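Sequence lines set the chain letters: A, B, ... in the order given, protein chains first and strands last, and positions in each chain run from 1. Just so it is clear, the structure is predicted and the values come from calculations on it, not from any experiment.
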2 protein chains.
Amino acid sequence: MKTPTRNRRAEILAAAADLFAARGFHGVSIEDIGAAVGVSGPALYRHFSGKEALLTEMLLDISERLREQGARLATTADPDTAEAALDALLSGHIEFALNHPALIRVHERELDNVPEPARRAIRRLQRLYAEEWVTVLSELYPACPPARLRAATHAIFGLLNSTPRSAGELPPEAMADLLRTMARAALSRL
Amino acid sequence: MKTPTRNRRAEILAAAADLFAARGFHGVSIEDIGAAVGVSGPALYRHFSGKEALLTEMLLDISERLREQGARLATTADPDTAEAALDALLSGHIEFALNHPALIRVHERELDNVPEPARRAIRRLQRLYAEEWVTVLSELYPACPPARLRAATHAIFGLLNSTPRSAGELPPEAMADLLRTMARAALSRL
DNA sequence: CTCGGATGTTAATCATCGCTAACAGACCCC
DNA sequence: GGGGTCTGTTAGCGATGATTAACATCCGAG
């Protein structure tokens, strides 16, 4: 049977994500990750070629999910509905950040620990995702220079990704609402 | 002569801050830090009792500076000028973040690597700083529950601290302006 | 039944790293 | 001019950690 085994990879990735989020890539040992899924140490090499490969796959997956979600939600060439597209991007990002705080944290912090061939690919996906936002914003603010829109986008990411730091302050629904309100306001007068 | 020597500690702290910001606490070796200031390796132990002590001092210094600046800028018991106090906090934080991106990054990320006695102290300073913001905001929005104000404050920190990630997109003055505008808007309808 | 792959285990290797020890020059004060 | 402190240096110790090797199990397929 493959089914009980298939989960192992995902289990490991999930456990590693939590650990990386909490203590950072270099602060977590292979042993730690193994222990977190109930196996011990080098068993991980049956599923991943190494620690860096594990991180690489994790970041590629996150970046790909965000980019795909972004492309799906932002596809609105119509300027009239740019407002709606922005709302969709916002809600999508907030939902992701609230549902996967560990992934957001790792995505935000650990890119530098990915070895070079894959790092470019991840950066590219991150850039594509950000460009979805910039494109939508540039429809809303045609007069605003792109560099400013890019900086604003990163600032909004910083705001939305603050979630893991203020965890527990508010119930998720209230938090989502707050973030949506603040982000919309922040983007309302560029 | 003590003068040329006194700088060593500061030199080391500055170099370590840059390295920690770039590669994370565990990603930097004592050798690396030594090399960055032109001495090699264990020379650092003439100035700091260890790697953790170095980080501890760095974070204590940052937290203290922010707290002091916050206390100074927010001291305005008058509700009429709460708006002005908020502006002052905002400008102060932005200036700090733009002038010391590495410090902001370390401050944001490395608290978990500080050993326990000092960690509490740093957390306390960070909390005091955040409470300055919450106090000012609660004067502006007396009806808003404190938990929401706290979450909003952390979200604003996330926005303002995005600086190190969008470095180079905009000249510092334009960046400061953008952040001020976005933050003010984000806080305008809590 | 047995062969083979998938999945684990423990022991060993090899590098890195934080930190200490032992020693050396510079400079100051008496 | 002889301690004494300050600041470095290089070697070495001990621990940790990633990775590999060698060896067990389980289980489905022929």
Side-chain angles (χ1 to χ4, degrees), chain A residues 1-59 106 110-119, chain B residues 1-59 106 110-119:
Chain A
M1 211 62 85
K2 296 281 183 61
T3 343
T5 316
R6 273 280 169 263
N7 296 17
R8 258 301 137 85
R9 275 181 72 88
E11 239 181 292
I12 292 170
L13 281 168
D18 288 342
L19 289 169
F20 289 165
R23 309 211 294 263
F25 180 72
H26 292 293
V28 175
S29 74
I30 290 280
E31 259 298 319
D32 292 335
I33 302 171
V37 300
V39 306
S40 249
L44 301 193
Y45 289 86
R46 299 295 170 193
H47 304 275
F48 298 92
S49 72
K51 199 184 171 191
E52 286 183 333
L54 209 167
L55 179 68
T56 298
E57 181 163 331
M58 193 183 312
L59 285 186
V106 173
E110 306 292 0
L111 179 59
D112 296 332
N113 294 311
V114 173
E116 199 27 278
R119 192 176 337 177
Chain B
M1 214 58 87
K2 295 281 183 60
T3 343
T5 316
R6 274 279 168 265
N7 296 18
R8 262 300 139 88
R9 276 183 69 89
E11 237 182 293
I12 292 170
L13 281 168
D18 288 343
L19 289 170
F20 289 164
R23 309 211 294 266
F25 181 72
H26 293 293
V28 175
S29 74
I30 289 283
E31 259 298 319
D32 293 335
I33 302 172
V37 300
V39 306
S40 248
L44 301 194
Y45 288 88
R46 300 295 172 193
H47 304 275
F48 298 92
S49 73
K51 199 185 171 192
E52 287 184 333
L54 209 165
L55 179 67
T56 298
E57 180 162 332
M58 193 185 308
L59 285 187
V106 173
E110 306 292 358
L111 179 58
D112 296 333
N113 294 312
V114 173
E116 199 26 279
R119 192 176 340 175

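- At a threshold of 4.5 Å between non-hydrogen side-chain atoms, the residues Asp112(A) and Phe25(A) do not count as touching.
- Considering every non-hydrogen atom in both Ser40(A) and Glu31(A), the closest pair reads C-OE2, 3.8 Å.
- Side-chain atoms of Tyr45(B) lie closest to dG18(C) of the nucleotides dG18(C), dG8(C), dT7(D).
- The CD1-P distance, from Ile33(A) to dT19(D), rounds to 10 Å in whole Å.
- Residues Val28(B) and Lys51(B) come closest through the heavy atom pair O-NZ, 2.7 Å.
- Remark: side-chain polar atoms of Arg119(B) are paired, donor with acceptor, to backbone N or O of Val114(B) under 3.5 angstrom.
- Contacts between residues 12-29 of chain A and DNA chain C, defined by a heavy-atom separation under 4.0 Å, are absent.
- In this structure, Arg8(A) and Arg46(A) have side chains that are not in contact, with every pair of non-hydrogen atoms separated by 4.5 Å or more.
- For the atom pair Ile12(A) CD1 and Leu54(A) CG, the distance stands at 7.0 Å (nearest 0.5 Å).
- Taking atom CD1 of Ile30(A) as the reference point, atom C1' of dA18(D) lies 7 Å away to the nearest angstrom.
- In this structure, Glu31(B) atom CD and dG8(D) atom C1' are separated by 13 Å, rounded to whole Å.
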Distances for protein N/O vs nucleotides 9-13 of chain C N/O pairs under 3.5 angstrom?
residue	atom	partner	partner atom	Å
dT9(C)	OP1	Ser40(A)	N	3.4
dT9(C)	OP2	Ser40(A)	N	3.0
dT9(C)	OP2	Ser40(A)	O	3.3

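- Distance, Lys51(B) NZ to dA15(D) P: 19 Å, rounded to whole Å.
- Atom CZ in Phe48(A) sits roughly 15 Å away from atom C1' in dA6(C) (whole-Å rounding).
- The CZ atom of Arg8(B) sits 14 Å away from the C1' atom of dA26(C) (whole-angstrom rounding).
- Between Glu11(B) atom CD and dG8(D) atom P there is a gap of 9 Å when expressed in whole angstrom units.
- Regarding Leu54(A), its CG atom lies at a distance of 14 Å from the C1' atom of dT19(D), rounded to whole Å.
- Residues Met58(A) and Glu110(A) form no side-chain contact, since every pair of their non-hydrogen atoms from C-beta on lies 4.5 Å or further apart.
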*Intermediate values then yes/no, side-chain contact (heavy atoms from CB on, under 4.5 Å), Arg23(A) and Leu19(A)*: CA-CA 6 Å; Arg23(A) 309 211 294 263; Leu19(A) 289 169; 3.9 Å; yes
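- Residues Leu55(A) and Val106(A) form a side-chain contact, since some pair of their non-hydrogen atoms from C-beta on lies under 4.5 Å apart.
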